[in-house]
Amino acid sequence: MAVAIKTQNLAPVKLIRNVPKEEYYVPGHRTCAGCGPALQYKLVAKAAGPNTIFLGPTGCMYVANASYLCTPYTVPWMHTQITNGGAVASGIEAAYKVLLRKGKREGEFPNIIVMAGDGGSVDIGLQAMSAMMYRGHDALFICYDNEAYTNTGIQTSPTTPYGSNTTFTPPGPAIPEGKTTFPKDPPQLVIGGHPAVKYVATASVAYPVDLINKVRKALNVVGPTFLHIHSPCPKGWKFDASKTIEVARLAIETGMWNMYEWESGEYRYQFRPKKYKPVREYLKLQGRFTHLSDAHIAKLQAFVDAKVKGPGIPVQAPVPTPPAVH
Ligand SMILES: Cc1ncc(C[n+]2csc(CCOP(=O)(O)OP(=O)(O)O)c2C)c(N)n1
Ligand code: SF4
């Protein structure tokens, strides 16, 4: 039987002025100007506080932060392979539980947070993430979603939107829309397949207080939790470094990103616009979509229209026709 040894209760924050001043992700890292994932890290670290261990699967939030031989984390942090963030978190959680139970270590059970890119969460890292969720480890798995494998030079991942130009999905005469497939849905993957998970939420760097509160709520839960955080990448999405928040906000205003919490089977939505803006407004700010025709945009709009209608979100994405076998 699982022993509940978590004692802390991180309080919610009401307003931006109540956000703690302390930083646990400090200045000095080689992330791009305007990097959404870096801002996301800073907010998560602020929310979690000093009693925290971060695991960093390979990706921008490892390489760009920790190059070379120094890091911006003021709490313990450990590199993991891109494949195994969930497994390393599981090991650390199990070790702490045993050490505390046997009296070989004093103090509180720590917040254990995996900070994984979309590749490290729901593609190459999916198996270990899913196993952590399934076994019920007391750890928070965060997918900071910049919608590509960015550290390796912007290649498509399962969360890259339909129609994106990446170096693996370049638009051309044969495939004019670039990426032809619609994205995986990370929160739905976790919710759908892991009975031990009681809290899953989506968040965005555009709403920092909401993001902080979701991190705290997740950390207060005893058991595995998952956050999917929209973190625009100016380099990969080709927009001006000053527009990260504008892009993040437009994603929500157009329905490209949906903000919700799922708690023991119940959905609650945040910042749901009364009337959604056309997705075109979001696309036109970003160079990764400039090649799209009206027909492609209409296809994406139809996908978003179906998605925002769903009460519990899951939506049937158009499935591409498999290539003919000769
Ligand atoms: C097993 C393995 N395969 C491939 C790589 C190369 N690699 C390094 S970073 C990276 C991209 C990671 O993408 P993501 O997890 O989305 O994080 P991001 O870089 O976008 O922050 C890849 C593929 C690796 N380090 N290990
Ligand atoms: S490539 Fe994107 S995610 Fe990586 S450091 Fe630059 S802005 Fe951040």
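Counting starts at 1 for both ligands and their atoms, following the listed order.
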- Message: ring-ring contact (aromatic ring centres under 6.0 Å, His included), that's the test. Do Trp237 and His230 meet it? Break it down for me.
- Response: CA-CA 13 Å; Trp237 305 6; His230 198 226; 5.4 Å; yes
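Scanning for salt bridge (charged side-chain N to carboxylate O under 4.0 Å, His left out) contacts around Asp123 gives an empty result, with sequence neighbours left out.
Residues Phe303 and Tyr162 place their aromatic rings such that the two centres sit no closer than 6.0 Å.
Counting only N and O atoms by type, the side chains of Tyr25 and Asn65 include a donor and acceptor under 3.5 Å apart.
Counting only heavy atoms from C-beta outward, the side chains of Asn111 and Leu140 never approach each other to under 4.5 Å. Considering only heavy atoms from C-beta on, Glu281 stays 4.5 Å or farther from Glu253 through its side chain.
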In a table with atom names and distances, give each donor-acceptor pair under 3.5 Å that connects a side chain of residues 31-46 to protein atoms at least two apart or in another chain.
{"unit_1": "Thr31", "atom_1": "OG1", "unit_2": "His29", "atom_2": "ND1", "d": "3.1"}
{"unit_1": "Gln40", "atom_1": "NE2", "unit_2": "Pro37", "atom_2": "O", "d": "2.8"}
{"unit_1": "Lys42", "atom_1": "NZ", "unit_2": "Glu23", "atom_2": "OE2", "d": "3.0"}
{"unit_1": "Lys46", "atom_1": "NZ", "unit_2": "Pro20", "atom_2": "O", "d": "2.5"}
{"unit_1": "Lys46", "atom_1": "NZ", "unit_2": "Lys21", "atom_2": "O", "d": "3.4"}
{"unit_1": "Lys46", "atom_1": "NZ", "unit_2": "Glu22", "atom_2": "O", "d": "3.4"}
{"unit_1": "Lys46", "atom_1": "NZ", "unit_2": "Glu23", "atom_2": "OE2", "d": "3.3"}

For ligand 1, run through the N/O pairs with the protein that fall under 3.5 Å and put one pair on each line.
{"unit_1": "ligand 1", "atom_1": "15 (O)", "unit_2": "Gly119", "atom_2": "N", "d": "3.3"}
{"unit_1": "ligand 1", "atom_1": "15 (O)", "unit_2": "Gly120", "atom_2": "N", "d": "2.9"}
{"unit_1": "ligand 1", "atom_1": "16 (O)", "unit_2": "Asp118", "atom_2": "N", "d": "3.4"}
{"unit_1": "ligand 1", "atom_1": "16 (O)", "unit_2": "Gly119", "atom_2": "N", "d": "2.9"}
{"unit_1": "ligand 1", "atom_1": "16 (O)", "unit_2": "Ala148", "atom_2": "O", "d": "3.1"}
{"unit_1": "ligand 1", "atom_1": "19 (O)", "unit_2": "Cys60", "atom_2": "N", "d": "3.0"}
{"unit_1": "ligand 1", "atom_1": "19 (O)", "unit_2": "Thr150", "atom_2": "OG1", "d": "3.3"}
{"unit_1": "ligand 1", "atom_1": "19 (O)", "unit_2": "Asn151", "atom_2": "N", "d": "3.0"}
{"unit_1": "ligand 1", "atom_1": "20 (O)", "unit_2": "Asn146", "atom_2": "OD1", "d": "3.1"}
{"unit_1": "ligand 1", "atom_1": "20 (O)", "unit_2": "Asn146", "atom_2": "ND2", "d": "3.1"}
{"unit_1": "ligand 1", "atom_1": "20 (O)", "unit_2": "Ala148", "atom_2": "O", "d": "2.9"}
{"unit_1": "ligand 1", "atom_1": "20 (O)", "unit_2": "Thr150", "atom_2": "N", "d": "3.0"}
{"unit_1": "ligand 1", "atom_1": "20 (O)", "unit_2": "Thr150", "atom_2": "OG1", "d": "2.9"}
{"unit_1": "ligand 1", "atom_1": "21 (O)", "unit_2": "Cys60", "atom_2": "N", "d": "2.9"}
{"unit_1": "ligand 1", "atom_1": "21 (O)", "unit_2": "Tyr144", "atom_2": "OH", "d": "2.6"}
{"unit_1": "ligand 1", "atom_1": "21 (O)", "unit_2": "Asn146", "atom_2": "ND2", "d": "3.4"}

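Looking at Asp210 and Lys214, a side-chain N of the basic residue comes within less than 4.0 Å of a carboxylate O on the acidic one, giving a salt bridge.
Around OH of Tyr276, the count of heavy atoms belonging to other residues, nucleotides or ligands within 6.0 Å exceeds 12.
Atoms of the protein (N, O or S only) found under 2.8 Å from atom 8 (Fe) of ligand 2 are Cys35 SG.
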